[in-house]
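Heads up: the structure comes next, in structure tokens.
Within every chain, numbering begins at 1; the chains are lettered A, B, ... in the order of the sequence lines, protein sequences first and strands thereafter.
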Amino acid sequence: MTIRLGVSLYSYQQTYLTGQLDLEGCIRTVVETTGATGIELIYEQMPLERYPDAVYPNITDKGISRWKELMDKYGTTPTCMDSFIDSKLYRGRISTVQEQIQMMEQDLKLASQLGFPCIRVLALVPPEVLEGALPAAEYYGVRMGQEVHPRFALNDEWMLNVAEISRRRNSKYVGLIPDFGIFSKGLPGSQLNLMKIMGENPDIVDFIEVSFKADFSHKEIAAQLRQMGAKEATVIAVERSAFMNRYNNPDLLKDLLDVIMHFHGKFTYMKEDCSEELTINYKDPIRILKEAGWDGYISSEFEGQRAYHGQNCPYEEDEIEQVRRHHVMLNRLLKS
Amino acid sequence: MTIRLGVSLYSYQQTYLTGQLDLEGCIRTVVETTGATGIELIYEQMPLERYPDAVYPNITDKGISRWKELMDKYGTTPTCMDSFIDSKLYRGRISTVQEQIQMMEQDLKLASQLGFPCIRVLALVPPEVLEGALPAAEYYGVRMGQEVHPRFALNDEWMLNVAEISRRRNSKYVGLIPDFGIFSKGLPGSQLNLMKIMGENPDIVDFIEVSFKADFSHKEIAAQLRQMGAKEATVIAVERSAFMNRYNNPDLLKDLLDVIMHFHGKFTYMKEDCSEELTINYKDPIRILKEAGWDGYISSEFEGQRAYHGQNCPYEEDEIEQVRRHHVMLNRLLKS
Amino acid sequence: MDINQKYMIDPKDIRNVVSRDGNRIGFELQLIIPYYRGAALSMIDELYVKVGAILYPKEQLTFTVDGFSYTWPQIETVTTFRWEYGTKATVFVPQQGGLDVSPIQHIEVGCSIRRSYGGRFPAPVVVKVAVDPCKLKAIRYQ
Amino acid sequence: MDINQKYMIDPKDIRNVVSRDGNRIGFELQLIIPYYRGAALSMIDELYVKVGAILYPKEQLTFTVDGFSYTWPQIETVTTFRWEYGTKATVFVPQQGGLDVSPIQHIEVGCSIRRSYGGRFPAPVVVKVAVDPCKLKAIRYQ
Ligand SMILES: [Mn+2]
Ligand SMILES: [Mn+2]
């Protein structure tokens, strides 16, 4: 019963998009820079095949073999495949529940062909789709984990309902995947960093970070910022963050560990000394997982690079270095 | 090198639709009433599986096994699977060539899973779709036969073009499937029979049959019918038949036998003495095939039942008996 | 082309529909596909029901097959579910009071499948039935 | 949400288009999908190009990816072909004369992908580029 580490290749999207790494390069980078062996994949981001060979969700035996060769070559293990369920596939209507179940079944099949033990189901996929796809999940031997993602909380009825489906149906094939972003207070670290880059007073930015950690409310902080002469854009950003940012007490994990199959190690800004993530509490959740003997992967999901993807943003984040730092912290927390 | 006989289960559509025979019953009926062992299938008419197990064009291993068990149980051989390529899948647009190629690939895959050596491609599927699907046909080992169906002729440019694709690409995976309806003169036998049933003077109906066989034109026959006091509906039916009815000289087969992979033994009205089909020339085409040593199946495709499917038509054709008679004639022609 | 016109409707399948609170909210009938094979639901091209002179175009109807209900225009992009050959589909017509005007109601149903061949707009197969409302059963919708 | 706004357009990919008989019939630009994954073509929700004050909505554009061209509204039901992550798609804008008014043309491109989450209508990612028509290359369409 041990916590293992991995990386979601989503973390290297920018390096991939700009042609510096291909899929194999991403896998190699995980192993060489972090020592971790768990690989999470958004298939639609880095597909194994494309037209004219095969178009997602289809894959040929050749594509499957290619994936297995890569796993063997680098000694890596598939941990989770990220699913989407495009309910807005067609303009003017939401896909029917049965169509969404079909989409889930296609993802479950693809995941099983590639050796993934579970798929990430987006937070907003309705429970009737999860329940409807349960026979297929059991048939393919792939677990469906609904992501507990900001702005959700572990004790929201929506999430508890998923836990209840699992227990009521006595099935491990449906459960939860918490995203560490739910253990964040205030604005994401990358967004704070972006403010500094775009010319906000660094003291004001640090004030925002510290104030949220001290549990001041958005309104209080925004009011204070106006007095401090912060830019209007900064104040608006703080006010708007109320919707997304709901801090989850890590203790909420305790009663759900039986239905939690995987974690997204979401982060946006690792400090240079690798001591901690700027705004996300990794220490307490990991302590709880260790105490409970939870078994599974924490899969780094770096999202900080996207803060700097505005057309005129002069800064570009170093994804590989950020993930490296993340694993330095994770390893330390696991051993302590 | 021998001409073999089979039956397209399309011939039993009415018996199937009215619940008197299921798929297995149709196969059994072929063997028991005709002695033939070739089975042609319109998968979308008599599918092996349906929702929730699998929806065409998908099929599960269970569905495939079921088909193979049926073939073993009755000693039958799959000869041809009828494909459609729904280019009007969506209102307001024709499916793109690439989408049609995808549809063809799905049918080729399904046909190969079920052991069919070829698929019938509808007459109007454009050549770029055939050529685009050629790699898939070769991959799956399933030949695409474009049907030469009334109102086409064997020497129409459209059909000769298909033959040319096959020869230019040196590929047996594309070719032709002539439908015996092209060897028919005048109105189909079932339509003539329907006229009698609906009260037209039988002598007038026989006159129509004989006049077409004597190569009088539609206009000439229609003019004569007016003088004879035929019903207006009868005259209109004769005039309208000009579009569909173009008699193909069976000699046209001779130069195409290298690209002809299969025949639809279309018929609508077998005489009780099984001597001949009412309006379709079977004698000469079969003589030509025998002389050339052509190898493949003539697959009975009974369509007469549909003439009597009008809401108020009191008559119902006996499909099983009609197919039985067809095979009495075919066997006699093969042996003579 | 009157494919399956003889089999498209069985008048015995026509029933009035009663809502949970006891009101007659319409009537339903069952259709066999007017084609010699099944088709993706998006290929239902034309569908209408006429009760006497009152026309109910497809946009007012509910089409149910294999237990799932669809309406227009949403059904026009449903390609992964099918109306199989020989499978009865239920069409609900939202006529207030259902069929209740005696003695005889004349119902006309038109339906066509958008097959790839045979002309630009396949003419609908049209079936006309006379219904005696007094003899109709009723079904309660949940 | 400005996903991939930095990468959506490379101004160096903008070219005037010359028809076979030598006339400038428009210009083309290339787009990287403004999303962190590929998507079925039907999921392109909004697409427009503005040249100065002139708006070209998607119905006037031609969208080409993997060598196949699509127009609206037809593309709205293409689900079995995709715009893959990182794959440049070509958008042709049918502006007579192409981009030829000097000195600088201001082009704005908006594009959004209809993902299932994140609000009812995802706001398009908008990129503005300034183009010097004198420096544009031209491509001849067959
Ligand atoms: Mn996540
Ligand atoms: Mn035929």
As an exercise, state the distance from [atom1] of [X] to [atom2] of [Y], rounded to the nearest 0.5 Å.
X	Y	atom1	atom2	answer
A/Q13	D/Y85	CD	OH	4.5 Å
A/E44	D/E84	CD	CD	8.0 Å
A/H309	D/Q5	NE2	CD	11.0 Å
A/F84	D/M43	CZ	CE	9.0 Å
D/K128	A/Q311	NZ	CD	9.0 Å

If we define contacts as heavy-atom pairs under 4.5 Å, which of D/V127, D/I9, D/V126, D/D66 has the most with chain A? D/V127
Under a 4.5 Å heavy-atom cutoff, which of D/T87, D/I32, D/T79 has the most pairs with chain A?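 The answer is D/T79.
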Where the side chain of D/S42 meets the backbone of A/L89, is there a donor-acceptor pair that is under 3.5 Å apart? yes
A/R91 side-chain N/O to D/D45 backbone N/O, donor-acceptor pair under 3.5 Å: yes
Is it the side chain or the backbone of [X] that comes within 4.5 Å of chain A heavy atoms, both, or neither?
X	answer
D/L41	neither
D/T77	both
D/I33	neither

Mutual orientation of the aromatic rings belonging to A/Y51 and D/F68 [parallel < 30°, tilted 30-60°, perpendicular > 60°]: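 Answer is perpendicular, since the angle exceeds 60°.
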Looking at A/C313, A/G310, A/S95, A/P57, which makes the most heavy-atom pairs under 4.5 Å with chain D?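 Of the options given, most contacts go to A/G310.
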